[in-house]
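These notes concern the structure reproduced below.
Scope of the values below: all heavy atoms of this structure, side chains included, with no hydrogens, waters or symmetry mates. Protein chains get the first letters and strands the later ones, always in sequence-line order, with residue 1 at the start of each. Just so it is clear, the model here is predicted, and its values are computed rather than measured.
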Number of protein chains: 2
Amino acid sequence: MGRPREFDIDQALERAMRVFWARGYEGSSLAELTSAMGITKTSMYAAFGNKEQLFRKALQRYGAGPAAYATRALEEPTARAVASAFLRGAVRTTTPPGGPSGCLTVQGALASSDETQAVHDLLVDWRNDAGVRLEERFRRAVNEGDLPRDADPRRLARFIMTMGFGIAVQAANGLGPAELDEIVDTALLGWPA
Amino acid sequence: MGRPREFDIDQALERAMRVFWARGYEGSSLAELTSAMGITKTSMYAAFGNKEQLFRKALQRYGAGPAAYATRALEEPTARAVASAFLRGAVRTTTPPGGPSGCLTVQGALASSDETQAVHDLLVDWRNDAGVRLEERFRRAVNEGDLPRDADPRRLARFIMTMGFGIAVQAANGLGPAELDEIVDTALLGWPA
DNA sequence: CCACAACCGTACCACTCGGTACAGATCCAC
DNA sequence: GTGGATCTGTACCGAGTGGTACGGTTGTGG
């Protein structure tokens with residue numbers, strides 16, 4: 001039906017994701033986005049709707065790609081292994097050799113002007129969801145006796161999430177994976193049991 | 001001498017600081033800034049130079065005001081007390097009852113477009129300086145026998161800074177002081193000695 | 001009292017922003 | 001091969017951006 005699109009929609013989305021990752025939502029202009037995607041504004045609007053929807057799809061891709069470590073970590077056998085895998089995944093993702101430093105979901109829109117509020121809220125939910133999944137995993141660990149009975153899963157999950165966010169900022173600050181791994185080691189010193 | 005200015009420059013700067021705090025550098029338009037400051041663009045340019053210099057002065061004010069806890073914490077007698085005071089100060093500053101949540105130096109310009117690069121770099125330096133001061137304090141603690149001889153001051157400082165940044169993100173995410181204090185407790189469980 | 005210096009407000013500047021109208025190009029189904 | 005559907009590029013839109021020119025206003029020093 002009709003003229004087929006001349007660009008690879010997947011590759012274009014990947015490139016848009018990287019721009020958002022490096023520049024944040026507000027800092028990414030349509031000009032830079034479409035230039036990186038190798039298409040014109042018109043094609044972008046036809047394929048993705050508008051800037052906000054492009055960001056939403058880029059965020060989905062981020063969750064399924066670079067941030068998939070967060071979901072994979074939940075499958076580790078013990079709570080400690082989950083925490084460790086989560087944080088080390090965060091380290092690797094926020095310091096990719098050839099890509100932008102930091103975390104898309106943190107740099108995307110931490111502060112919010114009126115018009116970016118929707119995106120801001122979207123990211124708040126995204127980050128909170130990640131924390132909830134971690135909390136549920138730790139709750140399971142308590143039930144399974146993997147964590148002490150008096151351990152507080154919510155508290156532990158919030159602690160790990162806090163470390164993850166902090167790692168994202170440190171990565172944006174210029175710290176490399178080796179230094180961040182040391183920080184993770186330090187953070188896990190007080191881990192229960 | 002000429003006509004004296006009709007507004008309180010200190011109060012105007014305070015209000016500008018709060019706008020930057022809530023909106024970030026890019027998200028703060030001159031219209032919103034000057035409206036909050038209660039002056040016109042012309043007066044703002046006459047008094048502060050331009051948007052970037054206004055931000056620099058707002059950042060100075062932030063360091064001397066809301067973020068002064070970071071310097072005060074260094075005066076605590078033990079390394080543990082320093083770490084605790086630092087993080088609890090971060091909690092209180094990032095969750096002010098009537099003010100914007102989060103930390104100006106984190107939300108200000110985490111991601112950087114080309115034109116905000118200067119501000120971005122300024123904030124990177126600011127954050128790194130805070131880490132260095134903490135590191136020096138912990139090094140002193142090792143020398144004084146307050147921390148174990150095999151403790152790594154830089155590593156500990158980076159860990160505490162990471163927690164501070166994470167707390168800022170969690171505050172922007174909606175967590176309150178009580179929940180953040182719990183996280184601080186959890187973080188300090190593994191503190192040496 | 002008056003000249004000069006500084007401040008204030010309006011009106012404006014070039015530019016960029018996200019977004020769109022429209023015409024031409026390119027394909028598939030019939 | 002032709003109609004209709006879709007994609008592409010250009011040219012454009014109104015609104016908002018940071019920043020400024022300029023004339024009117026308000027003060028102080030001589």
Side-chain angles (χ1 to χ4, degrees), chain A residues 1-13 15-17 19-20 22-59 108-109 111-122, chain B residues 1-13 15-17 19-20 22-59 108-109 111-122:
Chain A
M1 288 299 187
R3 178 177 175 177
R5 68 166 54 93
E6 296 176 357
F7 63 94
D8 182 339
I9 198 170
D10 234 49
Q11 185 186 39
L13 185 55
R15 292 185 180 169
M17 183 191 75
V19 173
F20 281 130
R23 308 288 199 187
Y25 180 73
E26 245 181 335
S28 303
S29 69
L30 282 189
E32 185 170 1
L33 283 166
T34 53
S35 163
M37 297 165 87
I39 61 178
T40 63
K41 267 190 281 188
T42 317
S43 297
M44 183 260 136
Y45 273 87
F48 298 99
N50 60 17
K51 187 185 174 184
E52 184 177 330
Q53 291 185 3
L54 175 63
F55 181 82
R56 296 184 116 91
K57 289 185 179 134
L59 180 62
S112 60
S113 64
D114 280 343
E115 291 158 16
T116 62
Q117 185 88 39
V119 171
H120 173 263
D121 294 348
L122 173 70
Chain B
M1 280 303 201
R3 177 178 177 179
R5 69 163 54 93
E6 297 175 358
F7 63 94
D8 182 339
I9 197 170
D10 235 48
Q11 185 185 39
L13 185 54
R15 292 185 180 169
M17 184 192 75
V19 173
F20 281 132
R23 309 288 199 186
Y25 180 73
E26 247 183 333
S28 303
S29 69
L30 282 189
E32 185 169 3
L33 283 165
T34 53
S35 163
M37 297 165 87
I39 62 178
T40 63
K41 266 188 284 189
T42 318
S43 298
M44 182 259 137
Y45 273 87
F48 298 99
N50 60 18
K51 187 184 174 184
E52 183 176 331
Q53 292 185 4
L54 176 62
F55 182 82
R56 296 184 115 90
K57 289 184 178 133
L59 180 62
S112 60
S113 64
D114 280 343
E115 291 157 16
T116 61
Q117 185 88 40
V119 171
H120 174 263
D121 293 348
L122 174 69

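Contact annotation: side chain of T40(B) to base of dT10(C), donor-acceptor pair absent below 3.5 Å. Donor-acceptor pairing under 3.5 Å, judged by distance alone, is absent between the side chain of K51(A) and the base of dG18(C).
Going from atom CZ of F55(A) over to atom C1' of dG18(C) covers 16 Å, rounded to whole Å. In this entry the distance linking CZ of R23(A) with P of dT16(C) reads 15 Å, nearest Å. To the nearest angstrom, C1' of dG19(C) lies 10 Å from CE of M44(A). Straight-line distance from the OH atom of Y45(A) to the P atom of dC17(C): 12 Å, rounded to whole Å. Separating the NZ atom of K41(A) from the P atom of dG9(D) is a distance of 13 Å, rounded to the nearest angstrom. Straight-line distance from the CD1 atom of I39(B) to the C1' atom of dA6(C): 15 Å, rounded to whole Å. Atom CE of M37(A) is separated from atom P of dG9(D) by 13 Å (rounded to the nearest Å). Atoms CG (D114(A)) and P (dG16(D)) sit 12 Å apart, rounded to a whole Å.
Looking at the side chain of R3(A), the nearest of the listed nucleotides dT8(D), dG19(D), dG19(C) is dT8(D).
In this structure, K51(A) forms a cation-pi arrangement with Y25(A), its terminal cationic atom sitting closer than 6.0 Å to the ring centre and no more than 45° off the ring axis.
The distance from the CG atom of L33(B) to the CZ atom of F55(B) is 10.5 Å, given to the nearest 0.5 Å.
Residue S43(A) is in sugar-phosphate contact alone, with no base atom involved, counting any heavy-atom pair closer than 4.0 Å across all strands shown. Among the heavy atoms of the strands, none lies under 4.0 Å from T34(B).
No more than 12 heavy-atom neighbours from other residues, nucleotides or ligands sit within 6.0 angstrom of CD on E115(B).
Comparing E6(A) and A31(A) along DNA chain C, the residue whose closest nucleotide (by nearest heavy atom) sits nearer the 5' end is A31(A). Where E26(A) and T42(B) meet DNA chain C, the nucleotide closest to each residue was compared, and T42(B) sits on the side nearer the 5' end. Both P4(B) and L30(B) sit near DNA chain D, but only L30(B) has its closest nucleotide nearer the 5' end.
With S29(A) contributing its side chain and E32(A) its backbone, the two residues share a donor-acceptor pair below 3.5 Å.
Looking at D114(A) and R23(B), their side chains come closer than 4.5 Å, going by heavy atoms from C-beta outward.
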